[in-house]
There are 2 protein chains.
Amino acid sequence: MTTPGEQMQADVLAILRRRNVALSAYKVLEALRDAHPKIAPPAVYRALSSLTSKGQAHRVESLKAYVACQSKVHASASILSICESCGYVEEHLAGEVVEAVSHVVAETGFSSQHHVIEVHGICAACNARMPAPEGVGAGGSPQ
Amino acid sequence: MTTPGEQMQADVLAILRRRNVALSAYKVLEALRDAHPKIAPPAVYRALSSLTSKGQAHRVESLKAYVACQSKVHASASILSICESCGYVEEHLAGEVVEAVSHVVAETGFSSQHHVIEVHGICAACNARMPAPEGVGAGGSPQ
DNA sequence: CAGGAGTATGTTACATTATAACATTACACA
DNA sequence: TGTGTAATGTTATAATGTAACATACTCCTG
Ligand SMILES: [Zn+2]
Ligand SMILES: [Zn+2]
Ligand SMILES: [Zn+2]
Ligand SMILES: [Zn+2]
């Protein structure tokens with residue numbers, strides 16, 4: 001018998017790492033059914049909660065979904081860029097931006113604890129794939 | 001000059017404006033029952049969708065809730081600061097921060113369209129109310 | 001080893017948030 | 001008046017997330 005909790009977290013993290021696309025908790029659950037046929041939502045949420053609290057995964061608030069952390073050191077918060085066309089999510093170091101945000105809100109006496117910085121737009125690959133600025137339906141194959 | 005859900009949107013906006021605290025769509029729905037006894041979720045979501053698309057209200061992604069816009073002009077995106085103690089939400093101009101975020105993600109060829117910038121922490125009033133750094137239960141009266 | 005506290009995991013049921021799909025109404029205008 | 005379109009109402013359900021309790025397992029203590 002392998003240690004259950006660690007195994008679950010490792011399996012969830014492996015699923016999230018397959019592609020840099022955000023997965024909903026229930027998509028993760030489906031993907032887990034291979035290894036854990038009887039799995040139920042609380043187990044997935046517990047694993048995701050552990051992973052996110054350790055910084056090994058992040059919840060993409062504006063997508064209600066989760067991605068694996070892409071940062072090696074993960075200093076402070078990060079910026080997540082989300083491609084509206086292919087779903088690709090990329091993590092960017094945000095040290096200076098976090099400083100700037102904290103500074104802005106500090107002007108009204110607010111003390112910052114946790115930052116959520118997400119950007120929706122079009123990734124480099126999709127920009128290259130559809131250079132036309134004219135109304136083009138979003139349908140590129142995911143990266 | 002009867003734009004879509006004019007009355008409904010006005011009622012929703014009035015509810016959101018009562019206090020600068022984020023309300024879930026279902027809290028809004030409850031508050032609407034006075035004026036609209038038979039209201040159902042889709043009507044609320046339609047009104048919220050219209051208001052947010054016009055910039056008169058914002059969805060607080062990290063709270064799954066909604067606030068009235070506090071900006072007069074609402075140039076570009078804004079920063080929402082969210083007090084973990086009293087729930088007070090404040091909107092801040094974010095022009096330079098949006099620039100900085102866009103610049104960071106542009107380094108990988110990402111073109112920004114929509115920004116989500118939210119900060120959790122403690123507001124000035126709650127900081128003043130609980131100066132002790134020792135374990136104090138959060139229970140201040142909302143602003 | 002027995003008992004038991006404490007933790008981790010499994011299970012059930014439910015709460016909350018959001019939308020799909022279709023019915024009905026209101027109104028503009030031929 | 002009919003008829004098309006947009007708005008609104010209604011029903012049902014999907015999607016996301018948690019509370020609450022059951023079970024198991026772990027590590028002491030005696
Ligand atoms: Zn990370
Ligand atoms: Zn893309
Ligand atoms: Zn605003
Ligand atoms: Zn406060």
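Order of the sequence lines fixes the chain letters, A, B, ..., with proteins taken first and strands second; residue numbering starts at 1 for each chain. Below, each value reflects all heavy atoms present in this structure, side chains not excepted, and no hydrogens, waters or symmetry copies.
Rounded to whole Å, atom C1' of dG10(C) lies 13 Å from atom CG of Leu29(A). What separates OH of Tyr66(B) from C1' of dT16(C) is a distance of 12 Å, to the nearest Å. Between Lys38(A) atom NZ and dA24(D) atom C1' there is a gap of 18 Å when expressed in whole angstrom units. If you measure from atom CZ of Arg59(B) to atom P of dT19(C), you get 8 Å, rounded to the nearest angstrom. If you measure from atom CZ of Arg33(A) to atom C1' of dG10(C), you get 14 Å, rounded to the nearest angstrom. Remark: P of dA6(D) and CD of Glu6(B) are 18 Å apart, rounded to the nearest angstrom. Rounded to whole Å, the distance from CG on Leu32(A) to C1' on dG10(C) is 15 Å. Atom C1' of nucleotide dA15(C) and atom CD of Glu30(B) are separated by 13 Å, given to the nearest angstrom.
Near DNA chain C, meaning a heavy atom under 4.0 Å from it, residues 39-49 of chain B has Pro41(B), Pro42(B), Tyr45(B), Arg46(B) in order of number.
Using a 5.5 Å limit on the distance between ring centres and a 30° limit on the angle between planes, the aromatic ring of Tyr26(B) does not count as stacked on the six-membered base ring of dT16(C).
A donor-acceptor contact closer than 3.5 angstrom links the side chains of His120(A) and Glu84(A). Between the side chains of Ser81(B) and His92(B), at least one donor N or O sits under 3.5 Å from an acceptor N or O.
Tyr66(B) and Val12(B) fall within the same hydrophobic cluster, where Ile, Leu, Val, Met, Phe, Trp and Tyr residues are linked whenever their side-chain heavy atoms come under 4.5 Å apart, directly or through other members. Under the 4.5 Å side-chain heavy-atom criterion for ILVMFWY residues, no single connected hydrophobic cluster contains both Leu63(B) and Val116(B).
In this structure, Gln113(B) places its CD atom where more than 12 heavy-atom neighbours from other residues, nucleotides or ligands lie under 6.0 Å away.
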Problem - Worked check of side-chain contact (heavy atoms from CB on, under 4.5 Å) between Ile82(A) and Val119(A) - result: CA-CA 6 Å; Ile82(A) 303 145; Val119(A) 189; over 6 Å; no

